[in-house]
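Scroll down for the structure; my scribbles are underneath it.
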Amino acid sequence: MDLAHDLLVDLAADRLDLVVSAIRPTHHALLAVPLADEEFLLVGPPSMARTVDADRLRTAPADALAALPLVAYGEELPILRRYQRSEFGHRPINPVALVAPDLRAVLAAVEAGAGISALPRYLAEPAPAAGRVIQLHCSEAPPLNTIYLPVRRAGQPGAHRCA
């Protein structure tokens, strides 16, 4: 989040021309224009999916999945944390098997059997269709992450601060 915050500060100060952000800008000189919503899917390799009790997955999904290792995008589990809080009401308690700061690498690690992960639908969707991963949990309204195109407010100098 620090990098995203720094980029937004630089945009507000006119040091950058364009930022696309998963963090809603709060700086007074910027407007938050929603660009797109990402939907997330919780996926795992078929070999791990077969080890999960189907009845328990329906009735207590977080408990059913708790022993499966996670493949995360970042040390703080940003996407997995958002998914689990939204769907299960708490942070993941699973062991972390791998952290890879590239979503394509996370998907490749899940496909290779390293663990489970929450990934954007646009990236993950071809893998279940091809049988490379299994969607482990379905919800009526999948968790979303809004992507913003922050734009400078007209007439707002970058260095302006409220007194």
Side-chain angles (χ1 to χ4, degrees), residues 1-45 61-62 65 68-94 96-111 114-130 132-163:
M1 182 156 157
D2 291 332
L3 176 59
H5 173 71
D6 293 344
L7 292 171
L8 292 170
V9 168
D10 286 348
L11 179 66
D14 240 0
R15 290 187 291 269
L16 294 174
D17 294 325
L18 178 70
V19 171
V20 175
S21 177
I23 306 298
R24 181 180 169 86
T26 57
H27 193 283
H28 66 277
L30 300 175
L31 289 173
V33 178
L35 185 61
D37 283 330
E38 292 178 306
E39 285 186 2
F40 293 103
L41 304 178
L42 187 64
V43 296
L65 299 169
L68 300 180
L70 301 176
V71 178
Y73 173 71
E75 295 279 335
E76 296 296 318
L77 313 178
I79 297 172
L80 284 158
R81 189 180 66 237
R82 178 177 292 127
Y83 187 95
Q84 290 233 357
R85 279 188 173 159
S86 171
E87 294 300 303
F88 308 141
H90 58 80
R91 292 177 59 103
I93 59 168
N94 308 52
V96 177
L98 177 69
V99 174
D102 180 292
L103 292 175
R104 294 163 299 192
V106 170
L107 177 58
V110 171
E111 289 176 347
I116 67 172
S117 195
L119 291 165
R121 179 181 294 279
Y122 68 83
L123 178 68
E125 201 158 50
R132 297 188 309 266
V133 301
I134 304 245
Q135 186 172 350
L136 298 169
H137 177 258
C138 297
S139 60
E140 290 183 31
L144 295 177
N145 182 45
T146 301
I147 304 299
Y148 297 94
L149 179 64
V151 295
R152 293 191 38 76
R153 292 180 190 267
Q156 291 288 320
H160 173 74
R161 299 221 172 191
C162 294

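The side-chain heavy atoms of Ser117 and Leu80, taken from C-beta on, include a pair separated by under 4.5 Å. At a threshold of 4.5 Å between non-hydrogen side-chain atoms, the residues Ile79 and Leu103 count as touching. The side-chain heavy atoms of Pro45 and Val110, taken from C-beta on, include a pair separated by under 4.5 Å. In this structure the side chain of Leu149 reaches within 4.5 angstrom of the side chain of Leu18, judged on heavy atoms. Here the side chains of His90 and Gln84 are in contact, with some heavy-atom distance below 4.5 Å. Using a 4.5 Å heavy-atom threshold, the side chains of His27 and Leu11 count as separate.
The shortest non-hydrogen separation linking Pro34 to Ala32 is CD-O, 3.4 Å. For Leu119 against Ala124, the heavy-atom pair with the smallest separation is CB-CB, 3.9 Å. Shortest non-hydrogen contact noted between Leu77 and Ala72 is CD2-CB, 3.3 Å. Here the closest non-hydrogen pair linking Ala22 and Asn145 is CB-ND2, 3.5 Å.
A salt bridge (charged side-chain N to carboxylate O under 4.0 Å, His left out) check over residues 23-45, counting only residues at least two apart or in different chains, returns the pairs Glu39-Arg121.
The ring-ring contact (aromatic ring centres under 6.0 Å, His included) check on Tyr83 picks up His137, with sequence neighbours excluded. By the side chain to side chain donor-acceptor pair (under 3.5 Å) test, Glu76 is found to be paired with no residue, residues two or more places apart in sequence or in another chain being considered. Remark: Tyr73 engages no residue in a ring-ring contact (aromatic ring centres under 6.0 Å, His included) (not counting sequence neighbours). Judged as a side chain to side chain contact (heavy atoms under 4.5 Å, CB included), and not counting sequence neighbours, the contacts of Ile134 are Pro46, Ala49. Listed by chain and residue number, nothing satisfies the salt bridge (Lys or Arg N to Asp or Glu O under 4.0 Å) test with Arg82 (two or more places apart in sequence, or in another chain).
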Evaluate side-chain contact (heavy atoms from CB on, under 4.5 Å) for Asn94 paired with Ile116, printing each intermediate quantity in order. CA-CA 10 Å; Asn94 308 52; Ile116 67 172; 4.2 Å; yes
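Atom-to-atom distance recorded for Gln135:CD and Leu42:CG is 8.0 Å, nearest 0.5 angstrom. Rounding to the nearest 0.5 Å places OH of Tyr148 at 11.5 Å from CG of Leu8. To the nearest 0.5 Å, atoms CG (Leu107) and CZ (Arg132) are separated by 7.0 Å. In this structure, the separation between CZ on Arg81 and CG on Leu70 is 12.5 Å, given to the nearest 0.5 Å. Taking CD from Glu87 and SG from Cys138, the interatomic distance works out to 10.0 Å, rounded to the nearest 0.5 Å.
Within a 6.0 Å radius of CZ in Arg15, more than 12 heavy atoms belonging to other residues, nucleotides or ligands are found. Residue Asp17 places its CG atom among 12 or fewer non-hydrogen atoms of other residues, nucleotides or ligands, all under 6.0 Å distant.
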